[in-house]
Protein chains: 2
Amino acid sequence: MTAEIPPRQGRTTLQDVARLAGVSAKTAARAINGESNVRSDTRERVFTAAATLKFRPNRLARELRQSARTGAVGLVIGNLDNPFYSQLAAGVDHALREHDLELIIASTDDEPEREKVVVQAMLERRVTALMLVPSATDHSYLEGERQLGLPIIFLDRPPVTVVADSVLWDNHTDVRKAVHELATRGHRRISALADSPELFTATERLTAFREALTEAGIAPDETLILTSIHDATSAASATADLLARDDPPTAIIALNNRISIGAVSTLLRDDPTCAFVGFDDFDLGETLGISVVTNDPREMGNYAGQIALRRIREGTGTPERISLPTRLVQRGSGERPASSPHPSTRGSRPAPGLSGSD
Amino acid sequence: MTAEIPPRQGRTTLQDVARLAGVSAKTAARAINGESNVRSDTRERVFTAAATLKFRPNRLARELRQSARTGAVGLVIGNLDNPFYSQLAAGVDHALREHDLELIIASTDDEPEREKVVVQAMLERRVTALMLVPSATDHSYLEGERQLGLPIIFLDRPPVTVVADSVLWDNHTDVRKAVHELATRGHRRISALADSPELFTATERLTAFREALTEAGIAPDETLILTSIHDATSAASATADLLARDDPPTAIIALNNRISIGAVSTLLRDDPTCAFVGFDDFDLGETLGISVVTNDPREMGNYAGQIALRRIREGTGTPERISLPTRLVQRGSGERPASSPHPSTRGSRPAPGLSGSD
DNA sequence: AGCAGGAATGTCATCGATGTCAAACAGGGA
DNA sequence: TCCCTGTTTGACATCGATGACATTCCTGCT
């Protein structure tokens with residue numbers, strides 16, 4: 001007759017494979033998942049059937065059934081535009097890579113409200129672990145999940161109202177060391193540029209900065225401490241403003257990567273004599289001879305990923321708080337004596353004081 | 001009696017909420033999803049019940065039921081470490097942001113085999129759309145999905161054996177313009193540094209380079225064309241080798257971002273006299289006065305994201321092939337006449353010829 | 001009061017894979 | 001040949017939310 005077999009709508013399912021192989025769905029599943037206790041000839045038949053039908057298992061169904069362990073990990077960061085965050089993500093990606101885990105990434109632009117929204121979405125998707133660079137200050141909304149056994153790992157900034165693992169930087173040691181170095185070379189007017197004081201890292205580093213000044217016998221001059229600098233552009237103009245003061249600083253320390261970039265670009269143009277130490281490394285930092293307190297965001301991401309993997313395997317236990325070391329890389333830009341003469345030409349070429357030498 | 005209500009294992013479900021609110025699961029669902037035809041007092045009861053139980057809907061279940069439209073988009077890129085890719089991802093993220101779509105990111109390190117694996121995983125997770133920077137050269141394995149109506153968008157490099165939308169750069173116009181500029185200023189020995197010839201972008205840009213030379217009446221000198229440069233480090237040494245030749249080029253053009261960084265770092269140290277044009281912008285590029293053919297990966301990601309959104313809404317139609325313009329930004333590093341004197345000091349400071357002026 | 005008709009709610013099956021448990025089967029020993 | 005044990009296989013319920021459809025509840029109107 002004209003009765004045709006209607007072409008199957010949508011994707012082929014395990015049922016279809018089973019039907020074609022002449023077995024039950026369960027047996028097909030056993031074969032596909034490589035379970036033992038399947039006769040090798042049936043296994044073959046199932047495989048060819050699956051290949052013929054281009055069968056693609058549906059993870060949603062599988063994960064729904066085996067509730068609790070999905071194959072997705074959620075990562076919440078500030079913004080993929082910022083190399084700090086994207087390298088962090090690269091590190092996490094690297095750690096998860098071999099373990100059949102997918103990485104769901106969402107960015108918050110450091111807005112607490114958005115953090116809640118994207119975390120919510122991830123929880124609805126039942127991620128196996130949640131990793132986040134927090135922007136919100138209250139994380140009690142995660143308490144329920146923690147009790148349900150969801151591994152939660154905080155990166156770069158610690159959890160506030162919830163107990164969870166965290167991987168942070170040692171924001172003190174090398175910042176202090178850098179300041180001490182500057183003080184040793186005779187600098188007394190040292191300026192610090194930082195992001196918003198609401199950010200954990202900013203206040204930590206500023207605290208270290210102030211302590212180091214005090215230790216060096218220098219009274220912190222609050223007019224030299226500029227905060228709430230969110231991007232390279234404002235860092236650049238803040239630096240220019242500093243230099244234009246009647247009594248400008250002889251050294252500047254920038255407390256994150258974007259601020260470093262902005263400050264360096266101003267210094268390269270305007271003032272070759274000001275000593276400088278940046279935070280986080282950047283392209284050409286070595287070539288230009290810029291001293292930095294450097295860290296490797298990939299390492300942080302990778303480390304946090306390892307913790308996540310362990311928690312997934314072994315269940316959550318006593319939360320860990322890891323502090324990763326930074327590294328002070330002296331490349332010369334912090335060594336300029338405060339007494340160097342100003343060049344007569346402004347902006348005609350990069351500051352020699354900032355260039356690589358060794 | 002001692003019969004206690006056992007504390008519910010695992011997460012609360014819609015059933016639990018319904019039970020507590022004294023309605024059926026379906027009604028609870030209607031209330032939660034904001035459907036009409038729910039009396040406001042029942043809606044209230046459901047909401048408070050949901051809040052009490054901290055109910056979190058299970059997207060896996062929902063998406064399994066409504067097969068076809070999940071809320072996840074898959075993005076396959078080379079490597080989050082590379083700012084080109086991470087900014088691409090930032091652009092996609094930005095485009096999807098307001099549409100309740102999650103972004104699943106996987107990286108291939110540009111290995112064709114890995115591409116298949118991660119794409120496979122995304123398909124199993126039933127992404128609503130697939131966006132990828134392809135590394136494989138054969139994409140016939142995607143044909144089935146295409147026929148099932150899955151929107152597939154290629155970025156940066158075109159699809160080969162499958163029909164799909166693609167968003168590419170105009171790899172010709174500005175490369176040619178840059179070469180013409182150099183030729184106009186008298187350069188005859190112009191070197192090009194490119195990535196692997198298997199990469200679409202590398203060969204396209206090299207083709208443009210060769211054509212431009214020919215148009216300018218210069219016979220392409222193959223010894224000046226170096227390929228298979230994969231990272232900044234090898235670009236730096238390749239550049240150093242070039243400069244050390246008996247008859248070094250007077251101008252160099254780098255054909256992607258990592259190569260640009262590497263070349264610039266060598267030029268800054270070793271040879272201020274060689275003219276240079278980079279590809280893709282980078283931090284401090286402006287400050288250092290490096291001329292570049294620039295593009296905005298975020299724009300590409302965003303654009304591709306828009307296409308994905310449209311395809312998701314309106315279904316796939318005739319595939320589009322979009323070519324985004326680049327921009328030639330002249331900042332001085334390409335203007336150095338070939339006859340400039342070599343400086344006597346090597347490596348003592350950045351090349352004035354490469355520094356920003358005006 | 002009776003009734004039409006829309007609003008509100010409920011029942012049941014379903015999405016696709018898999019855990020549970022039982023049935024069918026095969027092979028070896030008595 | 002028959003029984004026993006271990007291996008393969010299958011039937012069925014389940015994960016949680018929701019679509020299709022049925023039922024009950026109102027409200028206004030004759």
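Lettering of chains follows the sequences in order, A, B, ..., and the numbering in each one begins at 1.
A donor-acceptor pair under 3.5 Å is absent between the side-chain atoms of A/E102 and the main chain of B/I104, judged by distance alone.
Every residue two or more places apart in sequence or in another chain that forms a side chain to side chain contact (heavy atoms under 4.5 Å, CB included) with A/L20 is listed here: A/A49, A/T52, A/L53. Residues forming a side chain to side chain donor-acceptor pair (under 3.5 Å) with B/T108 (at least two apart in sequence, or on another chain): B/S135. Residues meeting the side chain to side chain contact (heavy atoms under 4.5 Å, CB included) test with B/V160, sequence neighbours left out: none. Not a single salt bridge (charged side-chain N to carboxylate O under 4.0 Å, His left out) links A/E299 to another residue, sequence neighbours left out. Every residue two or more places apart in sequence or in another chain that forms a side chain to side chain contact (heavy atoms under 4.5 Å, CB included) with A/P83 is listed here: A/S86, A/Q87, A/N257. With sequence neighbours excluded, no residue satisfies salt bridge (charged side-chain N to carboxylate O under 4.0 Å, His left out) with B/R114. For A/T161, the side chain to side chain contact (heavy atoms under 4.5 Å, CB included) partners at least two apart in sequence or on another chain are A/D138, A/H139, A/S140.
Remark: C1' of C/dG16 and CD1 of A/I32 are 13 Å apart, rounded to the nearest angstrom. In this structure, CD of B/E35 is placed 12 Å from C1' of C/dA8, rounded to the nearest angstrom. Atom CG of A/L64 is separated from atom P of D/dT14 by 14 Å (rounded to the nearest Å). Atom CG of B/L14 and atom P of D/dC15 are 14 Å apart (whole Å). The nearest whole Å value for the distance from the CG atom in A/N33 to the P atom in C/dG16 is 17 Å. Between the C1' atom of C/dG10 and the CZ atom of B/R19 lies a distance of 16 Å, rounded to the nearest Å. Between the P atom of D/dA17 and the CD atom of A/E63 lies a distance of 16 Å, rounded to the nearest Å.
A salt bridge links A/E124 with B/R59: the closest approach of a Lys/Arg side-chain nitrogen to an acidic carboxylate oxygen falls below 4.0 angstrom.
Near-neighbour residues of DNA chain D inside residues 52-61 of chain A, defined by a heavy atom below 4.0 Å, are absent.
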key: Contact letters for nucleotides 8-13 of chain D, in which S counts primed atoms plus P, OP1 and OP2 and B counts the base, heavy atoms under 4.0 Å   = BBBB--
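Between A/Q66 and C/dG19 there is a side-chain N or O to OP1 or OP2 distance below 4.0 Å.
In this structure, the helix from C/dA1-D/dT30 to C/dA30-D/dT1 shows an angle of 60° between the axis at its start and the axis at its end, each fitted on 5 base pairs and rounded to 10°.
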Only pairs under 3.5 Å count here: list side-chain donor-acceptor contacts from residues 25-38 of chain A, not counting sequence neighbours, and write none if there are none.
| residue | atom | partner | partner atom | Å |
| --- | --- | --- | --- | --- |
| A/T27 | OG1 | A/S24 | OG | 3.3 |
| A/N33 | OD1 | A/R62 | NH2 | 3.3 |
| A/N33 | ND2 | A/A29 | O | 3.3 |

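Here salt bridge (charged side-chain N to carboxylate O under 4.0 Å, His left out) pairs that include residues 146-157 of chain B, with residues two or more places apart or in two chains, are B/D110-B/R157, B/E143-B/R146.
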